[in-house]
Amino acid sequence: MKTTVDISDDLLREARRIAHEEGVTLKSMIEEGLRAVLARREQGRRYVLPDASVRGDGLQPEARTASWAELRAMAYGDRL
């Protein structure tokens with residue numbers, strides 16, 4: 001697909017120079033740059049955890065005042 005973009009003269013001169021030195025086309029450099037920007041932006045998107053809330057009234061009465069050791073024992077039982 002063809003399109004037209006405005007690029008600063010200095011940037012275009014530098015890009016052409018590097019393309020010539022590396023033996024690549026300006027088109028390939030532009031495509032590489034666009035792919036790099038798109039990939040970087042995709043990585044920057046934050047993952048949002050799905051809501052896994054459950055209904056209820058909080059902790060069971062026996063767990064409300066329990067110590068960490070007691071909570072662990074309730075959770076794991078004899079598997080500790």
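Heavy atoms only: backbone and side chains are in, while hydrogens, waters and symmetry mates are out. It should be emphasised that the depicted structure is a prediction, and the values quoted were computed from it without experimental measurement. Index from 1, following the sequence.
For residues 29-42, the side chain to side chain donor-acceptor pair (under 3.5 Å) pairs, not counting sequence neighbours, are Glu42-Arg45.
For the side-chain contact (heavy atoms from CB on, under 4.5 Å) test, residues two or more places apart in sequence or in another chain that qualify with Glu22 are Ile18, Val24. Ser53 meets the side-chain hydrogen bond (donor to acceptor under 3.5 Å, both in side chains) test with Asp51; sequence neighbours excluded. In terms of the side-chain hydrogen bond (donor to acceptor under 3.5 Å, both in side chains) criterion, residue partners of Arg17 (sequence neighbours excluded) are, by chain and number, Glu14, Glu21.
Counting non-hydrogen atoms of other residues, nucleotides and ligands closer than 6.0 Å to CD of Glu62 gives a total above 12.
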Residues 69-80 side chain polar contacts: donor-acceptor under 3.5 Å, at least two apart:
{"from": "Glu70", "atom 1": "OE1", "to": "Ser67", "atom 2": "N", "distance (Å)": "2.7"}
{"from": "Glu70", "atom 1": "OE1", "to": "Ser67", "atom 2": "OG", "distance (Å)": "3.3"}
{"from": "Arg79", "atom 1": "NE", "to": "Tyr76", "atom 2": "O", "distance (Å)": "3.2"}
{"from": "Arg79", "atom 1": "NH2", "to": "Ala75", "atom 2": "O", "distance (Å)": "3.0"}

Using residues 6-13 as the side-chain source, report each donor-acceptor pair under 3.5 Å to any protein atom, sequence neighbours left out, with the distance given to one decimal.
{"from": "Ser8", "atom 1": "OG", "to": "Leu11", "atom 2": "N", "distance (Å)": "3.3"}
{"from": "Asp10", "atom 1": "OD1", "to": "Arg13", "atom 2": "NH2", "distance (Å)": "2.6"}

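The heavy-atom pair separating Met29 from Ala19 by the smallest distance is SD-CB, 3.3 Å.
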